[in-house]
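Chain letters run A, B, ... following the sequence lines, proteins first and then strands; every chain starts at 1.
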Protein chains: 2
Amino acid sequence: MGITTEEKILTAAREVFTKKGYAAARMQEIADAANINKGLLHYYFRSKENLFRAVFDKAFPKFAHQINDIFESDLPLFEKIEAFVNKYIDILIQNPYLPAFVLNELNTNPEEFVKDLLSRREKPNPMKLIMQVKMEMEAGNIKPVDPIHLAINVISMSVFPFIGRPMIQGLFQIDDAAYLQFMNARKKAITEFVINALRKD
Amino acid sequence: MGITTEEKILTAAREVFTKKGYAAARMQEIADAANINKGLLHYYFRSKENLFRAVFDKAFPKFAHQINDIFESDLPLFEKIEAFVNKYIDILIQNPYLPAFVLNELNTNPEEFVKDLLSRREKPNPMKLIMQVKMEMEAGNIKPVDPIHLAINVISMSVFPFIGRPMIQGLFQIDDAAYLQFMNARKKAITEFVINALRKD
DNA sequence: GTCTATAGGTAGATAGAC
DNA sequence: GTCTATCTACCTATAGAC
């Protein structure tokens, strides 16, 4: 069989943890989603917390690596921002569970979770982007801007629509089918917005 | 006594629900935080869900009202955006629990929660702001931009740093004391960023 | 109104047959 | 490895004394 039980569990767990959050997720529900018995969850992962960690540890490094590839590339600033936004939103489209997942943990035990995250070998590191912004600014090529606020602006605009998705869909009357299209359109909207804010005339 | 037991419960519940999320919050913990007995929680609010609703129903209308005052004001566009960002961030500084609170519910039962939210008499309604953006754009006063994306951009940049606070503090090495200062500085950073992106030269 | 004690239900984890 | 059955712990909610 190409797909192992362990993989089935990880996939099902990812779905349920995403939808419910860690505390509200039920081992029974994960077992049902994986079409296996609850006992098997413990056979493979011993505890709920272990299972959660396994899910997260599988997803996070992939994410961090793709992002850092862009941060550390030699692209000119505007192209780098465009590449970052495109990649970031693509990742989130393919893993819509990720932000809620992270945010949930971030709120239940912030210091421990962040400490663990930042101690990893592969973690998002926007410092090279921030230095690049500083250089362009000092060279007078872009309007003056605080690079940290800029970085947070870009990340905020990219991530938030995934976290607040149901709210946005409700407020602006966007149905499920249109949301994918909407998020793809956002890539260009964000990039142009940021470039307009930075470009000197 | 100026502070009733009911108020003590509501305050304690707000804290615990915020910190733990609905599912992980324990009635015992709320009782402890309020310095009262667990039985009293049920005497006053009958169930955990009722208590949660009471906490939320107390906070939400205040929030929505203040925001709508700005949306519906007659301020010119740039000033309205500035007023919105200032007010929004001020509210979140004073109620840092709110975003996590909303987001948590948003992820556990999205459709029901959003439906309830949007059925309320007082709810955030950005439509007037969006119409105003359309008008300024058609009059050629600002650069072309999709008003919905713009609205989401502004909201994203304001809210996200509160949701992702521990992450941002970790990534950029901002300690607790400096974070308030940082969020206050963000008001101006966001406003200027948006105006730069929109202003024609 | 406030407390203690406990009922009732559910979820995570384990044991043991196959 | 996979299943069923069960244990144990905990949490919401209630009952009842004061």
Separation of C:dA15 P from A:Leu41 CG (nearest whole Å):
17 Å
What's the CD-P distance between B:Gln28 and C:dT4, to the nearest Å?
10 Å
Could you check which of D:dA13, C:dA11, C:dT2 has an atom nearest any side-chain atom of B:Thr5?
C:dT2
Is there a ring pair (Phe, Tyr, Trp, His ring centres under 6.0 Å) between B:Phe113 and B:Phe56? Walk through the geometry before answering.
CA-CA 11 Å; B:Phe113 182 70; B:Phe56 187 76; 5.5 Å; yes
D:dT2 P sits how many Å from A:Asp32 CG, rounded?
16 Å
C:dG1 C1' sits how many Å from B:Glu6 CD, rounded?
12 Å
Basic-acidic side-chain contact under 4.0 Å: A:Lys134, A:Asp146
no
So which nucleotide from C:dG12, D:dC3, D:dG1 ends up closest to the side chain of A:Tyr43?
D:dG1
Nearest whole Å is fine: how far is C:dT10 P from A:Lys48 NZ?
16 Å
Indicate, with a heavy-atom threshold strictly under 4.0 Å, whether A:Ala31 touches base, sugar-phosphate, or nothing.
nothing
Between A:Lys187 and A:Asp90, is the closest basic N to carboxylate O distance under 4.0 Å?
yes
Output the single nucleotide from C:dG12, D:dC3, C:dT2 whose closest atom is nearest the side chain of A:Asn37.
D:dC3
Checking contacts here: which listed nucleotide (D:dT2, C:dA13, D:dA13) is nearest the side-chain heavy atoms of B:Lys38?
D:dA13
Atom CD of A:Glu29 to atom P of C:dG12: distance rounded to whole Å?
10 Å
Answer yes or no on whether A:Lys48 is positioned over the face of A:Tyr22, meaning its NZ or CZ is under 6.0 Å from the six-membered ring centre and within 45° of the axis.
yes
To the nearest angstrom, how far is B:Asn50 atom CG from D:dT14 atom P?
11 Å
Return the nearest nucleotide to the side chain of A:Arg26; candidates are C:dA11, D:dC3, C:dA13.
C:dA11
Compare the minimum distances between each of C:dG12, D:dT12, C:dT2 and the side chain of B:Leu40, then state the nucleotide with the smallest one.
C:dT2
B:Ile9 CD1 to C:dC3 P, straight-line distance once rounded to whole Å
10 Å
Among D:dC3, D:dT12, C:dA13, the one nearest B:His42 by side-chain distance
D:dT12
Donor-acceptor under 3.5 Å (B:Glu136 side chain, B:Asn141 main chain)
no
